[in-house]
Amino acid sequence: MAHEEYGDGPHTVIALHGWLGSAAAWRPLHRHLDGAAFRYVFPDYRGYGSRLEETGAYTLAEASADVLALADRLGVERFSLLGHSMGGTVMQRVLADAPHRVRAMAGVSPVPAAGVPFDEQAWALFSGAADEPANRRAIVDLTTGGRLTGVWLDAVVGHSVRNSTRAAVAGYLEAWANTDFHTEIKGSEVAVKAIVGEHDPALGAGVMEATFRQWYPRCEVEVLANAGHYAMDETPVALATSVERFLTQW
């Protein structure tokens, strides 16, 4: 499983990217991370980034198995997980599949393990994103509160188009939106932090309180000021600080 790395510290953190991202989408965060305390591993899913030509079933189970296989190849028995958006669902699938290997989990606007309900209009927008860059742009604009420059929106969409295949985008949407395995992780004693942006209308504090906080007894929720769905771009210093203050405890 191709990946990037940052740092060589004793605490390994596997960071899982979002639906319209890739391993490289975490790069704005790198220079704010403590590489002496942590070893960050940033893998791509099948059909993304450095694995663009690799096909698969594009399921959560497959993504989880790939993460665990990567940890094995790296010689890491226990690790923490950091997941953005769809990556938040993947990290919970890893927990469900191998709970003894997960130290802690931090989600950045994470999708709950029960998926995301869509009305007909929203589903048309999201399902059309596999073929239409304009749909991806509208989604990124919507989930950051319609407040950011078009230059940035175009850069995020351009990165997504270059770093994902149509099959992967379509397949993973079905995987993270139309799933519900929350009974498999409900009551887990793993420490969890859900970090959301104040300008994210889709995966904000209310959703986290109704899902993550109900399922994980040791869960905390933090709202980042001046951020929407892409905190690694919008507020990278605040995000790195929030993640590492939490993970340092475990």
Side-chain angles (χ1 to χ4, degrees), residues 1-18 21-45 48-51 60 63-110 113 185 187-196 208 212 215-222 224 227 230-233 235-250:
M1 188 174 185
H3 66 281
E4 298 184 1
E5 289 197 30
Y6 182 87
D8 58 3
H11 187 157
T12 297
V13 181
I14 301 178
L16 305 168
H17 66 80
S22 75
W26 291 104
R27 288 176 186 170
L29 203 64
H30 287 193
R31 70 190 185 96
H32 308 297
L33 299 172
D34 185 350
F38 298 96
R39 177 192 185 186
Y40 287 92
V41 179
F42 305 93
D44 282 304
Y45 309 124
Y48 282 83
S50 57
R51 305 177 76 193
L60 298 179
S64 170
D66 282 351
V67 170
L68 292 169
L70 172 61
D72 289 342
R73 284 198 294 275
L74 295 173
V76 179
E77 177 59 27
R78 296 192 74 234
F79 47 84
S80 290
L81 291 162
L82 172 63
H84 172 238
S85 193
M86 179 181 84
T89 317
V90 176
M91 76 177 184
Q92 292 175 88
R93 187 64 255 172
V94 174
L95 174 70
D97 293 340
H100 59 288
R101 301 191 67 173
V102 180
R103 292 176 62 165
M105 299 194 307
V108 183
S109 296
I185 51 83
S188 169
E189 289 296 327
V190 69
V192 179
K193 185 169 190 176
I195 305 164
V196 298
M208 299 304 119
F212 280 78
W215 304 334
Y216 297 102
R218 299 168 66 196
C219 176
E220 59 184 277
V221 177
E222 181 177 355
L224 289 184
Y230 292 84
M232 67 281 293
D233 276 346
T235 55
V237 176
L239 178 59
T241 301
S242 177
V243 168
E244 293 193 338
R245 280 180 177 170
F246 169 69
L247 292 180
T248 296
Q249 303 174 67
W250 315 106

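Starting from 1, each residue takes its place in the sequence as its number.
Residues passing the salt bridge (Lys or Arg N to Asp or Glu O under 4.0 Å) test with E244: none are found, sequence neighbours excluded. Legend: residues meeting side-chain contact (heavy atoms from CB on, under 4.5 Å) with A69, ordered by chain and number and at least two apart, are R73. Take R78 and apply the salt bridge (Lys or Arg N to Asp or Glu O under 4.0 Å) test, not counting sequence neighbours, and it matches no residue. Not counting sequence neighbours, D34 has no partner by the salt bridge (Lys or Arg N to Asp or Glu O under 4.0 Å) test. The ring pair (Phe, Tyr, Trp, His ring centres under 6.0 Å) check on Y40 picks up F38, with sequence neighbours excluded. In this structure T248 satisfies the side chain to side chain donor-acceptor pair (under 3.5 Å) test with no other residue, sequence neighbours excluded. With sequence neighbours excluded, no residue forms a side chain to side chain donor-acceptor pair (under 3.5 Å) with E220. Partners of Y216 by side chain to side chain donor-acceptor pair (under 3.5 Å), not counting sequence neighbours, listed by chain and number: Q92. With sequence neighbours left out, D97 forms a side chain to side chain donor-acceptor pair (under 3.5 Å) with S64, R93.
Among residues at least two apart or in separate chains, there is no salt bridge (Lys or Arg N to Asp or Glu O under 4.0 Å) pair with a member in residues 79-92.
Not a single donor-acceptor pair under 3.5 Å links the side chain of R39 to the backbone N or O of P10. Panel note: side chain T241, backbone V237; a donor-acceptor pair is recorded below 3.5 Å. Of the possible donor and acceptor atoms, one in the side chain of S188 sits under 3.5 Å from a partner among the backbone N and O of V190. With hydrogens and angles ignored, the 3.5 Å screen pairs no side-chain donor or acceptor of R101 with any backbone N or O of S80.
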Side-chain donor-acceptor distances from residues 25-33 under 3.5 Å, at least two apart:
unit_1: R27; atom_1: NE; unit_2: E4; atom_2: OE1; d: 3.3
unit_1: R27; atom_1: NE; unit_2: E4; atom_2: OE2; d: 3.1
unit_1: R27; atom_1: NH2; unit_2: E4; atom_2: OE2; d: 2.4

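Atom NE2 in H17 sits 4.5 Å away from atom CG in D44 (nearest 0.5 Å).
Proximity of the aromatic rings of H84 and Y230 is defined here by a centroid distance below 6.0 angstrom, and this criterion is met.
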